[in-house]
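All figures in this text were calculated on a predicted structure; none of them were measured in a lab. Proteins come first, then strands; the chains are lettered A, B, ... in the order of their sequence lines, and each starts at number 1. Atom set for the values below is all heavy atoms of this structure, side chains included, hydrogens, waters and symmetry mates excluded.
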Amino acid sequence: MPDSHRRVYAAIAAIPPGRVASYGAIAARAGLPGRARLVGHLLGQTPDGMRLPWHRVLRASGHVALAPGSAGFRAQCRLLRAEGVEVKNGRVALWRFGLDADLDRELWGLPAE
DNA sequence: GCTTTGACGTATG
DNA sequence: TCATACGCCAAAG
């Protein structure tokens, strides 16, 4: 297991429950800016024994990355809603649940809602 | 090795 | 909001 992969897994595992992060944010946090596709690739190759909060990883647009209607898509929506994250039409409001939004609030004092 | 694919991202129109 | 183009790079064939 390459070190870069471990950092990606660690970054995903660090997402707090009830919050979400984009592939790009995970890659950047893992020290791999611009390697968002690597994150997606790893999630598809994640070993069975590894229990990761993969459902908290979304596209930069806030959309669920999996095909709408697929089993994985439904599972992700269910897991997210179970944590209090609103999923509307396969999309999450990043300005509200994203980690970046949290940081922005602290920096600029933007309203939480 | 080269080509194709893919749970992606940003820029443009 | 949707489509297209381009950049990115690990795996699979």
Side-chain angles (χ1 to χ4, degrees):
Chain A
M1 161 95 65
D3 189 66
S4 58
H5 292 201
R6 278 208 313 278
R7 289 201 299 274
V8 170
Y9 290 130
I12 296 174
I15 306 173
R19 309 308 294 271
V20 298
S22 69
Y23 288 84
I26 294 299
R29 194 186 169 101
L32 303 167
R35 272 64 158 185
R37 300 197 75 139
L38 174 61
V39 177
H41 182 77
L42 287 179
L43 283 180
Q45 290 296 144
T46 306
D48 298 336
M50 187 170 281
R51 299 183 309 288
L52 285 173
W54 59 272
H55 54 282
R56 295 177 196 146
V57 186
L58 309 172
R59 282 192 165 191
S61 61
H63 280 101
V64 171
L66 289 80
S70 67
F73 175 90
R74 290 194 299 274
Q76 183 163 13
C77 291
R78 180 175 56 75
L79 288 167
L80 286 173
R81 282 193 274 254
E83 294 184 346
V85 176
E86 288 179 37
V87 183
K88 186 137 175 106
N89 290 107
R91 183 167 55 182
V92 169
L94 292 181
W95 54 269
R96 210 167 141 191
F97 300 101
L99 294 177
D100 291 342
D102 193 39
L103 181 59
D104 289 348
R105 270 204 301 280
E106 292 188 35
L107 291 178
W108 300 308
L110 297 177
E113 318 194 22

Which heavy atom of V92(A) sits nearest to which heavy atom of E86(A), and what is that distance? CG2-O, 3.6 Å
Can you build the contact string for nucleotides 8-13 of chain C? Use B for base contact, S for sugar-phosphate-only contact, and - for no protein heavy atom under 4.0 Å. BSSS--
With the side chain counted from C-beta on, respond yes when [X] and [Y] share a heavy-atom pair under 4.5 Å apart, and no when they do not.
X: I12(A); Y: L42(A); value: no
X: V57(A); Y: V20(A); value: no
X: L43(A); Y: Y23(A); value: yes
X: L99(A); Y: P16(A); value: yes

OP1 or OP2 of dG6(B) under 4.0 Å from side-chain N/O of R59(A): no
Please measure how far the C1' atom in dC8(C) lies from the corresponding atom in dT5(B), and state the result in whole Å. 13 Å
Indicate, with a heavy-atom threshold strictly under 4.0 Å, whether G44(A) touches base, sugar-phosphate, or nothing. base
Separation of atom [atom1] in [X] from atom [atom2] in [N], rounded to whole Å:
X: R91(A); N: dA7(B); atom1: CZ; atom2: C1'; value: 18 Å
X: H63(A); N: dA3(C); atom1: NE2; atom2: P; value: 12 Å
X: L79(A); N: dA7(B); atom1: CG; atom2: P; value: 19 Å

Salt bridge (charged side-chain N to carboxylate O under 4.0 Å, His left out) partner of E83(A), the single match among R56(A), R19(A), R78(A): R56(A)
